[in-house]
Protein chains: 2
Amino acid sequence: MTSLKKITEFRRPVAINLASRASASGCEDCGARHHGLCDALTDDELAFLARVAQRLTLAAGTALIEEGEPAQYFYNINSGNIRLFKSLPDGRRQITGFAGPGHFLGLAATGKNVFSAETMEPVQLCRFSRTAMASMFEEFPVLERKLLDVAMHELVLSQQQMLLLGRKTAIERIASFLLSWAERQEICAAGTLPKPNTTMKLPLSRTDLADFLGLTIETVSRSLSYLKRDGLIEIPNIHEIVLLRPQALSDIAEAAV
Amino acid sequence: MTSLKKITEFRRPVAINLASRASASGCEDCGARHHGLCDALTDDELAFLARVAQRLTLAAGTALIEEGEPAQYFYNINSGNIRLFKSLPDGRRQITGFAGPGHFLGLAATGKNVFSAETMEPVQLCRFSRTAMASMFEEFPVLERKLLDVAMHELVLSQQQMLLLGRKTAIERIASFLLSWAERQEICAAGTLPKPNTTMKLPLSRTDLADFLGLTIETVSRSLSYLKRDGLIEIPNIHEIVLLRPQALSDIAEAAV
DNA sequence: CGCCGGCTTTGATATGACTCAATGAACAGT
DNA sequence: ACTGTTCATTGAGTCATATCAAAGCCGGCG
């Protein structure tokens, strides 16, 4: 299949959400509801996936993709969260996104990884070799359409993040992040606000938060304290946040005038 | 075609490079060499494109896509450059990318635009209606594969830009930009440096540059002056830059230690 | 229980980039 | 050539965030 070969040759590493229904990979939560992005996979597709996939469990803090290394595998996450990032030689780090249950980490079949990925907690995932991936696409060309949709969704998120990193103040970044994280956790529908007093989990360290928002941990901490003092949020513990006044957060996030 | 309908419903607005060879749209330069990303279109594809496309010429400064407005068309650029950006209510603006000859601006067939686009100079382009686009995909499903490739390439660029916006200093941003712009202009192959003393066109105002790099025009100007003083670049006129010492620029851009 | 080590919060100071302001250069129209 | 307009450069001062430093908190483990 020369045309197939071409695809894999040209495909770049990238993090996308396959939003597979369930699971070949055994994940109970990988419904199409993830990002509401594309249809669930068919049973045929799932069965095929089950045959070519390799299941793995990784401990927290495992580096599964390293920038600059040859890209060898595709991953589909079942449970747990992964951070994706790029680094500068002097150690500065920018987290470019997160991948959670249902997300898909596609790698260049040839070429090198252009970002790194580490598990933030114990992670269960399915790994596909280059050839398994290729045969999957051959078997189900419709997958490409689905991948295209999710890749485009990722691009939309990237553009939002560029606006945040390039033009928003520290407090605006924090407010924006909290709301977008709520959307990501499907606490609220895309484009809507969560209800007041909604509690959400936040499995990120302050360092992760800082590296995602282009700030320092001190500034992150100060901004959160500020929001807390003003009664917009509550922080019962380090991994939970209560959104007391989402509308007020939104006003800050979008710099409403 | 229900499946086709679904695609268009879910497709998000996004700027991608179709890298069409040339053209239905009459562009002499739209070779596959653009980004070296995917194969040229076949003659069949080009002929089909010619039938469904609508050719337009736009004056410099025309707003062709506005964030929040309903998305109606797909565009394929023949000549000229377009800036893509997002804005905050108070006027702060972040340019998220540029689209030049051969690039493709895809719009959600339903839904709203998530970014705005304006021509930076006179632009010739082809416009496709939602239905024309849909029939094109129906006719040539392989287009989706190509779009997937270019969407992934755009994601790679976005990730680079996030690192730049979140973690680089002003001078590093300028140096990075100059080199990536050279790559974009195909003055050098991806991943390589241009030859010393290479001259390149830079059809951006300082304001565009600032809004792309998350800086102010003053800081952009100062950083360029600094590079000029140190003999890394030459600025014969506002729309041209000579890269005297690309390696030195690269050392700054990548924060080599 | 109590000490230790890592992470977070808070405080004090420094600084890179922004803001405000003036000057300079390029260009269009008269 | 002159004038007005717009955009770019340069300078001076300010401010938001980074950096440096010191507590505070919390979980693990002896």
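Note that the structure is predicted; figures quoted are calculated from it, not measured. Convention: sequence-line order gives letters A, B, ...; per-chain numbering from 1.
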Could you tell me whether the side chain of A:Arg222 has a donor or acceptor atom within less than 3.5 Å of a complementary atom in the base of D:dT19?
-> yes
Round to a whole Å and report the spacing from CD of A:Glu218 to P of D:dA23.
-> 16 Å
Within the pair A:Thr216 and D:dA18, is there a side-chain N or O less than 4.0 Å away from OP1 or OP2?
-> yes
Test item: B:Ile82 and B:Ile77 side chains (from C-beta on) under 4.5 Å apart, heavy atoms = yes
If a pair satisfies salt bridge (Lys or Arg N to Asp or Glu O under 4.0 Å) and one of its residues is in residues 61-80 of chain B, list it, with sequence neighbours excluded.
-> B:Glu67-B:Lys86
Looking at B:Ser221, does any N or O in its side chain come under 4.0 Å of the phosphate oxygens OP1/OP2 on D:dT10?
-> no
Measure from the side chain of B:Thr169, starting at C-beta and using heavy atoms only, and say which of C:dT9, C:dA17, D:dT10 lies closest.
-> C:dA17
Identify every side-chain donor-acceptor pair in residues 246-257 of chain B under 3.5 Å, counting partners at least two apart or on other chains, and give the distances.
unit_1: B:Gln247; atom_1: NE2; unit_2: B:Asp251; atom_2: OD1; d: 3.0

Is A:Ile238 touching bases, backbone alone, or none of the nucleic acid, heavy atoms closer than 4.0 Å?
-> sugar-phosphate
Tell me: CG of A:Leu209 to P of D:dT17, nearest whole Å?
-> 15 Å
Would you mind reading off the distance between B:Leu224 atom CG and D:dC7 atom P, rounded to a whole angstrom?
-> 18 Å
How many Å lie between CG on A:Leu204 and C1' on C:dT8, as a whole number?
-> 15 Å
Indicate the ring-plane relationship of B:Phe104 and B:Phe74, choosing parallel, tilted or perpendicular according to the 30° and 60° boundaries.
-> tilted
Within less than 4.0 Å of OP1 or OP2 of C:dC7, is there a side-chain N or O belonging to A:Thr207?
-> no
Whole Å only: how far is the CG atom of A:Leu215 from the C1' atom of C:dT8?
-> 16 Å
Here the distance between atom C1' of D:dC26 and atom CD1 of A:Ile235, to the nearest Å, is 16 Å
Rounding to 0.5 Å, atoms OG1 (A:Thr192) and CD (A:Glu183) come to a distance of 6.5 Å
To the nearest angstrom, the CD1-P distance between A:Ile217 and D:dT17 comes to 16 Å
Nearest-Å distance for atom pair OH/C1', residues B:Tyr226 and D:dG11 | 18 Å
